[in-house]
Every structure is written in C-alpha cells, then in structure tokens.
Amino acid sequence: MKISLSLKNWLVGRDLLERDASESQISRAAANALAEGTLDPKTYVALAGDGAPTVEDLMKTTTPDPNKVFGQGDAPYVRVKNPGERYCEKRYEARHRKTGEVVVDPIYQRPCATMSEGAKARHGVLFKHLARKAGILREPATEHESALLTEMVEKGAWCGRIGPESENASYFDYIGGHRNIKALIDDATSGGLEITPIEFDSDVITFPLLTGELFPNVDLRPVPRGRRIEGASITTPTMQWGGQDDAAMDLFNTNDMVAAIDTTIFAVDGSILIGKDFLSDSPVEVGNVLTALVGERLAQTLDAVVANGNGTTQPTGIFQAAGVSTVNTDNSASGPPSLADYIELLFSLGKQYRTPSNRVCFVSNDTSYQRSRSIRVDPQSSTTDQRPVLTGGDTTSFQNYMTLGLPHKVENNNIANTQAAVIAFMKYRMYRRLGLEINFDDRGATLRRANEVLMTYRARFGGKLMDASAMAKWTDGQS
C-alpha cells in the first residue's frame, strides 16, 4: 500500500491515527478505513497518488524549521484543528423517499440536503449537554465535546424564545454572536431550553419534507413570534363595459372587500424513550438517531393535521375547511366510485387553480386509491374488458399514484374511505414558529427501572386553507 503525507494527515485529522505513527501503523489504519468505508477508494487514490509526497520523501528532507512548524514564521505549517474541522461537512442533495424528486425547503428556499457528519456531531453534543443539565447523563463532557459546544455557541446561529412565554415573549428567528447563549442554555429559568441552533431546526424539518405525503406540498411560512397570525383577503373590484353619458356606473361595495383569514398557532408535543446507555455514545450517533426520530414523528403528525386537523387544538385540516365545493358520487356509500366521479371532482376546481405552480393533487386514503384502480373499461361485464381505466390499461402502473395526470397523495390514518379531494396545495398555508423546545426527564420508577430517559420536544404550527375555491371534495364515497 502506497503511503503519502497527504494520506497520513487525512487519517490523523479524523482521529484514526496518531501523528507519530510508524509506516506499518499508517498502512494498517488506511486499510481499516478502506474496509469500513470511512475512506472511499477514490479519495485514497487522490491522497496517495503519484504526485503526493510519501513518508519516505519526507524522511529524506532536511529538518524543518521550528518557527515554520509552529506558526512563528511567514508560512505557518502546523496548527491544531478546531473541533468542527474534524468532521466532514459535505451535504448531499436529498430526494423524496417515495417520489424520488428533489424537494425544496420552502423556508430557506434551497433543495433539502442530507445531514453532514459535522451537523450530526453538533446535534449530538447539544442533546448530551441538555441531558447532563437535567442530571441524567452523569459522565462529564469530554474535552472534544466541550470544545465543540463552545464553537457552536460562539460561531453558530440560533433561534427560538428567550424568557417566559407570553404574548410579548422575546422570539428570535436569528440569534448570531449572542454573548449570553452559553448562559441561556445552561440556565433552566431563562427559557434557554427553547433556543436551538438554526441548523438543527432546519435538519429536523427536512425529514417531514422528504418523507411526508401532504406536508411537503403546503405553503410553509416561518413565524418568529406570537400565537396568532392575522391576515386578510381582498376581493377584486368589479368593472363594467358600455357606459353612456346618461347611465350611472355600478358602485362597488367595499363593506366586505377585506375579509379576515386569521390563524392560531398551536403547540404539538412529542416524546421519545431513550436508553441511558445510548446517550453515552458518540455525538455523531446520538445526533443522527435523535434528529431522525424527532423528524419522523413530526412527519406523521403534520400529515395528519393537514388532512383532518380539528381547528381547535390543531391547525384546520383540508377536510374541515369551510366553504369548500362538495360533489356527490354516482353510487354513494354503496360504491364503487366511477370515472365520472373523479372527472367531476377535478373540474369542480377552477381552471385558474389547475396549474403546476399550485401543486394540485388528489387526496384520499389508500383504500380509496385501490378502488380507483379497480374501475374497469367495461364496468358491467367481467368478461368483456377488465382493463383499469385510470391507468390507461397498463396494469404495471398501479403504484405510480397518479390520477388523471395529477399526483395522488395518500394519508391512511385520518381520511375515511368515504372522503376524497382535489386541492391546490399552495393555497393551504402552514405557519411554523422557529425554535424547537427539548427536555429530558428520568423521574419515575418505570423509567429508572428500565434505565430509560424520556426526551420531550415541543414545536408550534398553525395552518388553514386560505381560499375555499382552491379545493373540491366528496364525503359520500364508498364506505
């Protein structure tokens, strides 16, 4: 195995090798890294290429100047890496788990990306710090963890609430260079548990965007503060043609020109049981697992409220929206649905809404989708023509989840068999208040006997259909 200085420095920089290691130790460390996948072959070839100086070459050179080695000369040669520099910060473009399409984060206006190794480490250090603060994780932080947390505090951007909750609470969607962040996250009475790194907030919401059915399509907006969003819709003034000198024009009544479309922000709480031993694992593993679990739980509940949220303790779901056009199915509860049912549903939505930019989709549960695939070319006969109508006769396209040329979104737990809809999702607005609150607790005999910890988290969302004309539904379908 060819050994170069570049290869050695790469291994040392990732704590895979001691700086004074011998050639055999370098070879063994490089071989292990290749076998475990930590070092990919392409990177190895680049590091150990013909142009890279080998260890033998280095040994043949003259003794280095100490001033240059320790940074006292004009060209510093050696320095201690910052904690964050020891991790790879590469993020890869992520695609939706089901559709395989690129998903744009609507808040940050960029394609969703996977978590980098550095992000996982930073999330893990934050989780472990909060667990220590709660008295759950007894072992002290390592020197590396303490340095990484300090780097996050000094250089990272944070968001969330500072101080007790009230209508006038101090909420921030960006806290940068705040000299008191360390004090805030250490003080339980300051509200510091409710500030989090923006990077963590963004990574958590990435999971619902990449795995959800309904939530990735809504118009998502950030909210820095408050419990209520006060908005308004404005009616378009009317105009008329054919005016004459002796004819008065019609007056436009402005009494109802502006209508309120207010939205309340609701809190959603979640919890995860964690083994205490797991919290002692590496920051990378802790951050990776817990961030993913929080994100996946959010994905499930956000899809549920977008579908059928009650509007009282949750955002108002699309099937609870007032003023939506309702169509009647041909066969009602006795079923089955017909092709005409789906055509009527689609064209109950105005043409101005049926554009790609409005993210128009059919919505139902999976049972209703399966029944739609069972609509045959000849519904009266079992022997004449059994080809499925909505697949163009192609029985291999049952799993494409498309209906009449539009995506068909499925939410199984909160949409009844009798319900289906077509909606321009960009007219459903959801507000997300930045800053996820995290707490750890191990009180109670059950948790302690099981050597487990309860991690709770709280997020805040509000949402509703902003334009009732942007959706049509039926509620009398096959039961």
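Numbering of residues begins at 1 and proceeds along the displayed sequence.
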Donor-acceptor pair, [X] side chain versus [Y] backbone, under 3.5 Å?
X	Y	result
Arg460	Arg433	no
Glu344	Ala340	no
Ser325	Ala472	no
Asn358	Val360	no
Asp303	Leu214	yes
His129	Val125	no
Tyr369	Tyr401	yes

Nearest-0.5 Å distance, [atom1] of residue [X] to [atom2] of residue [Y]:
X	Y	atom1	atom2	value
Glu411	Gln300	CD	CD	8.5 Å
Thr403	His408	OG1	NE2	5.0 Å
Ile274	Leu454	CD1	CG	8.0 Å
Asn414	Gln320	CG	CD	10.0 Å
Glu452	Leu279	CD	CG	11.0 Å
Asn439	Tyr457	CG	OH	13.0 Å

4.5 Å side-chain heavy-atom contact, [X] and [Y]:
X	Y	answer
Ser372	Phe362	no
Ser280	Leu137	yes
Leu273	Val453	no
Phe215	Val305	no

Between [X] and [Y], is the ring centre distance below 6.0 Å?
X	Y	result
His144	Tyr87	yes
Phe278	Phe127	no
Tyr342	Trp474	yes

Within [range] or reaching into it, pairs that qualify as salt bridge (Lys or Arg N to Asp or Glu O under 4.0 Å) - sequence neighbours excluded:
range	result
residues 200-222	Arg91-Asp203, Lys98-Glu213, Asp201-Arg432, Asp219-Arg221, Asp219-Arg429
residues 122-132	Glu89-Arg122, Arg122-Glu199, Lys128-Glu145, Arg132-Glu145
residues 275-300	Lys276-Asp442

Residues in side chain to side chain donor-acceptor pair (under 3.5 Å) with [X], at least two apart?
X	answer
Ser479	none
Thr329	Asp476
Tyr353	Asp467

Steps toward side-chain contact (heavy atoms from CB on, under 4.5 Å) verdict (Val294, Met455): CA-CA 10 Å; Val294 173; Met455 187 187 91; 3.5 Å; yes
Atom CZ of Arg448 with >12 non-hydrogen neighbours under 6.0 angstrom: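 Above 12, so yes.
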Lys427 atom NZ, over 12 foreign heavy atoms within 6.0 Å: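 Open.
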Could you pull out the closest heavy-atom pair between [X] and [Y], with the gap in Å?
X	Y	value
Thr196	Leu436	CG2-O, 2.9 Å
Ile318	Met471	O-CE, 3.1 Å
Phe398	Pro388	CE1-CG, 3.7 Å
Met466	Tyr431	CE-OH, 4.2 Å
Leu447	Asp441	CD1-O, 3.8 Å
Phe319	Asn308	CB-OD1, 3.6 Å

Partners meeting side-chain contact (heavy atoms from CB on, under 4.5 Å) with [X] (sequence neighbours left out):
X	result
Asp269	Arg458
Arg354	Leu346, Phe347, Leu349, Lys351
Asp105	Ile107, Tyr108, Cys112, Ser202, Ile205, Leu209
Ala33	Leu11, Leu16, Thr38, Leu39

Can you list, pair by pair, the side-chain donor-acceptor contacts under 3.5 Å of residues 330-337, counting residues two or more places apart and other chains?
unit_1: Asp330; atom_1: OD2; unit_2: Ser338; atom_2: OG; d: 2.7
unit_1: Asn331; atom_1: ND2; unit_2: Pro336; atom_2: O; d: 2.6
unit_1: Ser334; atom_1: OG; unit_2: Asn331; atom_2: O; d: 2.8

Test item: side-chain donor near acceptor, Arg95 and Thr114, under 3.5 Å: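 No, Thr114 and Arg95 have no side-chain donor paired with an acceptor closer than 3.5 Å.
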Working for side-chain contact (heavy atoms from CB on, under 4.5 Å), residues Leu404 and Ile343: CA-CA 8 Å; Leu404 300 181; Ile343 293 175; 4.2 Å; yes
Got a list of side-chain donor-acceptor pairs under 3.5 Å for residues 416-423, not counting sequence neighbours?
unit_1: Asn417; atom_1: OD1; unit_2: Asn365; atom_2: ND2; d: 2.8
unit_1: Gln419; atom_1: OE1; unit_2: Ala416; atom_2: N; d: 3.0

Chi angles and distances behind the side-chain contact (heavy atoms from CB on, under 4.5 Å) call for Phe461, Thr301: CA-CA 11 Å; Phe461 290 86; Thr301 192; over 6 Å; no
Test log, rule side-chain contact (heavy atoms from CB on, under 4.5 Å), inputs Leu290 and His123: CA-CA 9 Å; Leu290 294 187; His123 302 345; over 6 Å; no
